[in-house]
Amino acid sequence: MKTSVPPPTTHPSGDKRLKMLDATIKRHQYQQDALIEILHRASELFGYLELDLLLYISHSLKLPPSRVYGVATFYHLFSLAPKGVHNCVVCTGTACYVKGSQTILTKLEQFTQIHAGETTPDGQISLMTARCLGACGIAPAVVFDGAVLGNQTPESVSEKVGEWLQNGTK
């Protein structure tokens, strides 16, 4: 009497997220031009793209690691480190820069005591920059937890981030 063995519900590593990522890669038929979609799915599953995960994707798609790393670091929506509970992205595109985004970024770095690309030690806030958000008409623009707000000032962003800090300590 033969018994059939059900397929494993996890990846050989034991991580179900890798099995879901493998399904995404397979759905895209291992096509190298699906790299951005696959990185996006990996980011959704893992929260960020650590080096081992980038190497795994590189191997799966038969791409040089430098290409995968280059794409992951080019787009601001990908993070190579765990993100904070709250995320603040300052647009540094031309229109925003001309209207004061560098002053906003400097103020936020002083206020949070971290630099762009970093997360506060308590894991509450990640501060990032974007080359352009495409919201030039409302420059300077800042993204707070996914919501784009325009016509920002150093004071308005400090107030918003201050609310996050207050709520995080309760």
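Reckoned from all heavy atoms, side chains included, excluding hydrogens, waters and symmetry mates.
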**Q** Which pair of non-hydrogen atoms, one from N151 and one from A139, has the smallest distance, and what is that distance?
**A**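 Residues N151 and A139, closest heavy atoms: OD1-O, 3.5 Å.
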
**Q** Are more than 12 heavy atoms from other residues, nucleotides or ligands located less than 6.0 Å from atom NE2 of H40?
**A**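 Incorrect, the count does not exceed 12.
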
**Q** V71 and I36: side chain to side chain contact (heavy atoms under 4.5 Å, CB included), yes or no, with the steps?
**A** CA-CA 7 Å; V71 171; I36 292 175; 3.9 Å; yes

**Q** Under a 3.5 Å distance rule, please check whether D145 uses its side chain to pair with a backbone N or O of N87 as donor and acceptor.
**A**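 Yes, the answer is positive, given that a donor and an acceptor are paired below the 3.5 Å cut-off.
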
**Q** Going from CZ on F46 to CG on D52, what distance comes out if it is rounded to the nearest 0.5 angstrom?
**A**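 Answer for the CZ-CG pair, F46 versus D52, is 10.5 Å.
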
**Q** Considering all heavy atoms of both residues, which atom of A72 and which atom of L39 are nearest to each other, and what is their separation?
**A**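 Looks like N-CD1, 4.1 Å.
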
**Q** Given side chain to side chain contact (heavy atoms under 4.5 Å, CB included), test E37 with R41 step by step and report yes or no.
**A** CA-CA 6 Å; E37 291 88 351; R41 180 65 174 144; over 6 Å; no

**Q** Ignoring hydrogens, what is the shortest heavy-atom contact between L49 and S43? Give both atom names and the distance.
**A**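 So the two residues come closest at CD2-N, 3.7 Å.
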
**Q** Rest of the hydrophobic cluster containing I138 (Ile/Leu/Val/Met/Phe/Trp/Tyr, side-chain heavy atoms under 4.5 Å)?
**A**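 When side chains under 4.5 Å apart are linked, the cluster holding I138 also contains V89, M128, L133, V143, V148.
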
**Q** Under the side chain to side chain contact (heavy atoms under 4.5 Å, CB included) criterion, do T73 and F78 qualify, and how do the steps go?
**A** CA-CA 7 Å; T73 56; F78 298 128; over 6 Å; no

**Q** Can you tell me if K83 has over 12 outside heavy atoms packed within less than 6.0 Å of its NZ?
**A**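 Correct, the count exceeds 12.
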
**Q** Go through the steps to decide whether F111 and V157 satisfy the test side chain to side chain contact (heavy atoms under 4.5 Å, CB included), and finish with yes or no.
**A** CA-CA 10 Å; F111 189 74; V157 295; over 6 Å; no

**Q** Using residues 61-70 as the side-chain source, report each donor-acceptor pair under 3.5 Å to any protein atom, sequence neighbours left out, with the distance given to one decimal.
**A**
none

**Q** Keeping S58 on the side-chain end and L54 on the backbone end, is there a donor-acceptor pair under 3.5 Å?
**A**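 Checking the backbone N and O of L54 against the side chain of S58, no donor-acceptor pair under 3.5 Å is found.
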
**Q** Taking all atoms of both residues into account, what is the closest heavy-atom pair of P154 and T103, and its distance?
**A**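 Nearest heavy atoms, P154 then T103: CG-CG2, 3.8 Å.
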
**Q** I'd like to know if the side chain of Q152 and the backbone of G150 have a donor-acceptor N/O pair within less than 3.5 Å.
**A**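 At least one qualifying donor-acceptor pair exists.
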
**Q** In this structure, are over 12 heavy atoms from other groups packed under 6.0 Å from E44 atom CD?
**A**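 Correct, the count exceeds 12.
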
**Q** Is I57 reachable from L80 through a run of I, L, V, M, F, W or Y residues, each pair having side-chain heavy atoms under 4.5 Å apart?
**A**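 L80 and I57: one cluster.
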
**Q** Measure up the W164 and F144 rings against each other and bin them: parallel (under 30°), tilted (30 to 60°), perpendicular (over 60°).
**A**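 Rings of W164 and F144: perpendicular, over 60°.
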
**Q** Which donor-acceptor pairs under 3.5 Å do the side chains of residues 91-98 make with protein atoms, sequence neighbours left out?
**A**
{"residue": "T92", "atom": "OG1", "partner": "A130", "partner atom": "O", "Å": "2.9"}

**Q** Check V142, L127, T120, L108 against V161 for a side chain to side chain contact (heavy atoms under 4.5 Å, CB included) and give me the one that passes.
**A**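 The single option meeting the side chain to side chain contact (heavy atoms under 4.5 Å, CB included) with V161 is L108.
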
**Q** Using modelled atom types and a 3.5 Å cut-off, is there a donor and acceptor pairing between side-chain atoms of T106 and backbone atoms of Q102?
**A**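 Yes: the side chain of T106 pairs with the backbone of Q102.
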
**Q** Where do I114 and I125 come nearest, in terms of heavy atoms and distance?
**A**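 Looks like CD1-O, 3.8 Å.
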
